[in-house]
2 protein chains.
Amino acid sequence: MPSHTEENYLKAIYKLSEAQPGVEVSTNRIAEVLQTRPASVTDMLRRLGEKGLLHYERYRGVSLTHDGRRVALLTIRKHRLWEVFLVNKLGFNWDEVHDVAEEMEHLQSPLLMRRLDEFLGFPQLDPHGDPIPAEDGAIIRPQHRLVSDLKPGEEGTVMAVKNTSVPFLQYLDKAGLSLGARIEVLDKVTFDNSLEIRINNNKVTLISNEISCNLFVAD
Amino acid sequence: MPSHTEENYLKAIYKLSEAQPGVEVSTNRIAEVLQTRPASVTDMLRRLGEKGLLHYERYRGVSLTHDGRRVALLTIRKHRLWEVFLVNKLGFNWDEVHDVAEEMEHLQSPLLMRRLDEFLGFPQLDPHGDPIPAEDGAIIRPQHRLVSDLKPGEEGTVMAVKNTSVPFLQYLDKAGLSLGARIEVLDKVTFDNSLEIRINNNKVTLISNEISCNLFVAD
DNA sequence: CAAAGTGCCCAGTCACACCGAGGAAAATTA
DNA sequence: TAATTTTCCTCGGTGTGACTGGGCACTTTG
């Protein structure tokens with residue numbers, strides 16, 4: 001049984017390695033996202049290495065083993081299934097679920113997750129548009145593009161968000177940019193990379209680069 | 001925020017003090033139900049005393065403070081609400097839920113519990129017939145009698161179980177003695193206190209004292 | 001009042017997670 | 001390639017939470 005902290009480390013390492021495939025994950029980077037010191041990270045990496053959950057060679061960065069990857073994906077699976085539950089069944093808003101799911105993802109009952117999955121109708125995506133890994137760790141990599149990569153004239157449907165912070169999600173709600181919204185890029189300001197967009201063939205707004213870098217669309 | 005272990009101690013102390021009202025709860029008894037050593041209990045009692053969760057005076061036994069009682073009741077509330085969820089929504093059998101709920105009862109989000117309560121339709125009883133405390137700690141003491149206290153000729157409806165162990169619950173399922181079953185006591189064997197009963201105006205069975213001491217009925 | 005039973009206290013263990021400092025290794029730059 | 005910077009490992013140590021055996025203090029009971 002991995003501890004809560006171990007699950008958090010593995011999840012963070014998995015996400016970092018997905019963000020930059022091929023590149024080994026660095027100690028400092030892990031410390032940064034987990035809000036801790038590099039010395040603590042080294043400590044944990046050694047322990048996770050001894051447990052066979054990751055390949056750890058000093059100064060060489062780190063990569064997950066098959067087992068470590070499995071634990072990380074199962075943790076993500078639990079997190080996202082609980083998010084779906086909170087939003088679809090308990091009526092939470094998508095900006096309220098992260099912290100609660102962060103706690104629920106550490107529950108350790110495979111049977112519970114199987115029954116929950118069934119109860120929710122085997123959802124494929126969580127409320128932020130992220131794919132839910134299967135029980136065996138299979139995960140579908142969605143075909144998304146960042147809004148910041150769109151050129152004027154291009155359009156797409158909002159499919160997912162990269163950032164799940166409360167202020168960001170609340171901004172999207174207020175701007176009418178929830179999942180499913182249709183976006184058309186009208187113009188790009190080269191100075192700060194902000195975009196002028198039309199939302200749902202209707203309102204025209206300006207969104208900053210900060211926003212467009214955290215929003216995914218598909219055709 | 002109380003730790004998982006603290007919640008477990010408080011819950012155990014609450015249940016012990018309910019079982020024998022008026023009597024102070026003893027260190028040895030707590031050690032027994034929590035499967036630990038008296039020395040560990042003393043240790044924890046001192047800490048819980050310092051936190052103001054119980055009245056702890058050496059050699060004097062222990063009783064919960066208002067705060068301690070509140071934590072205990074909230075923990076029980078969480079446990080029982082999750083049990084209802086598992087049975088009513090996820091399709092668990094009543095003999096499968098205890099261990100899972102034991103883990104879920106330590107989740108710390110009042111908002112979650114409020115929304116769950118609403119989602120479940122504000123249930124008053126858990127799947128074993130035990131009352132669910134309100135958010136403010138109010139709890140209805142059910143008017144039950146033990147089947148072992150019934151005299152020949154008396155009858156009643158099965159309302160709750162005292163014991164929630166897997167073998168006991170499975171036995172009840174097999175015997176047709178689930179909640180709601182109608183029982184009529186036909187005869188009592190004075191030698192071992194076993195009872196001859198008729199179930200749902202139908203089958204006649206013999207149940208041991210061990211069983212009848214763990215089964216509650218009401219008229 | 002003495003014996004039996006109960007429970008406290010002490011000192012220590014163990015696991016987990018964290019951390020600062022200093023120096024070793026690697027990467028970068030000159 | 002040498003010097004500098006950056007990364008990060010190692011070491012020793014901290015703190016917390018929970019548990020424990022053994023000896024002794026207290027309480028209860030006969």
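Chain letters run A, B, ... following the sequence lines, proteins first, then strands; residues in each count from 1. What you see is a predicted model, and the numbers here were worked out from it, not measured in a lab.
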Q: Rounding to a whole Å, what distance do you find between B:Lys51:NZ and D:dA18:C1'?
A: 12 Å

Q: Checking side-chain polar atoms at under 3.5 Å, does A:His106 have a donor or acceptor matched by the opposite partner on A:Asn8?
A: yes

Q: For B:Leu125 and B:Ile132, what are the C-alpha separation, side-chain angles and deciding distance, and is it a side chain to side chain contact (heavy atoms under 4.5 Å, CB included)?
A: CA-CA 5 Å; B:Leu125 299 175; B:Ile132 297 172; 5.8 Å; no

Q: Need to verify one output field. Residue with the more 5' nearest nucleotide on DNA chain C, A:Glu6 or A:Tyr59?
A: A:Glu6

Q: With the side chain of B:Arg47 defined as its heavy atoms from C-beta on, choose the nearest nucleotide among D:dT7, D:dA18, D:dT20.
A: D:dA18

Q: Round to the nearest Å and state the distance from B:Ile30 atom CD1 to D:dA18 atom P.
A: 15 Å

Q: Starting at CG of A:Leu48 and ending at C1' of C:dC18, how long is that distance when rounded to a whole Å?
A: 15 Å

Q: Rounded to the nearest Å, what distance is computed from the CD atom of residue A:Glu32 to the C1' atom of nucleotide D:dT7?
A: 13 Å

Q: Nearest whole Å is fine: how far is D:dT16 C1' from B:Asp43 CG?
A: 12 Å

Q: So, does B:Arg58 get its side chain near the phosphate of D:dT27, meaning an N or O under 4.0 Å from OP1 or OP2?
A: no

Q: Under 4.0 Å: is that the gap between some side-chain N or O of A:Ser3 and OP1 or OP2 of C:dC16?
A: no

Q: For C:dC8, does either OP1 or OP2 sit under 4.0 Å from a side-chain N or O belonging to B:Arg46?
A: no

Q: Evaluate side chain to side chain contact (heavy atoms under 4.5 Å, CB included) for B:Leu116 paired with B:Phe85, printing each intermediate quantity in order.
A: CA-CA 8 Å; B:Leu116 179 67; B:Phe85 170 70; 4.1 Å; yes

Q: Ignoring backbone atoms, test whether A:Thr36 places a side-chain nitrogen or oxygen under 4.0 Å from the OP1 or OP2 oxygen of C:dC19.
A: yes

Q: So, the side chain of A:Glu57 versus the backbone of A:His55: is there a donor-acceptor pair under 3.5 Å, distance only?
A: no

Q: What is the distance, rounded to the nearest whole Å, between atom NE2 of B:His4 and atom C1' of D:dT16?
A: 15 Å

Q: A:Tyr56 has a side chain; which of C:dC19, D:dG17, D:dC9 sits nearest to it?
A: D:dC9

Q: When you check the phosphate oxygens OP1 and OP2 of D:dC9, does a side-chain N or O of A:Arg60 lie under 4.0 Å from one of them?
A: no

Q: Roughly, in whole Å, what's the span from CE in A:Met44 to C1' in D:dC8?
A: 17 Å

Q: Under 4.0 Å, counting only non-hydrogen atoms across every strand here, what does A:Thr42 touch: a base, just sugar-phosphate, or nothing?
A: base

Q: Could you tell me whether the phosphate oxygens of D:dT7, OP1 or OP2, come under 4.0 Å of any side-chain nitrogen or oxygen in A:Ser26?
A: no

Q: Hey, does the side chain of B:Ser40 come within less than 4.0 Å of D:dA18's phosphate (OP1/OP2), counting only N and O?
A: no

Q: Does the side chain of A:Asn209 pick up a donor-acceptor pair with the side chain of A:Ser148 at under 3.5 Å?
A: no

Q: To the nearest angstrom, how far is B:Glu57 atom CD from D:dT27 atom P?
A: 10 Å

Q: Do the side-chain N or O atoms of B:Tyr9 get closer than 4.0 angstrom to the phosphate oxygens (OP1, OP2) of D:dA18?
A: no

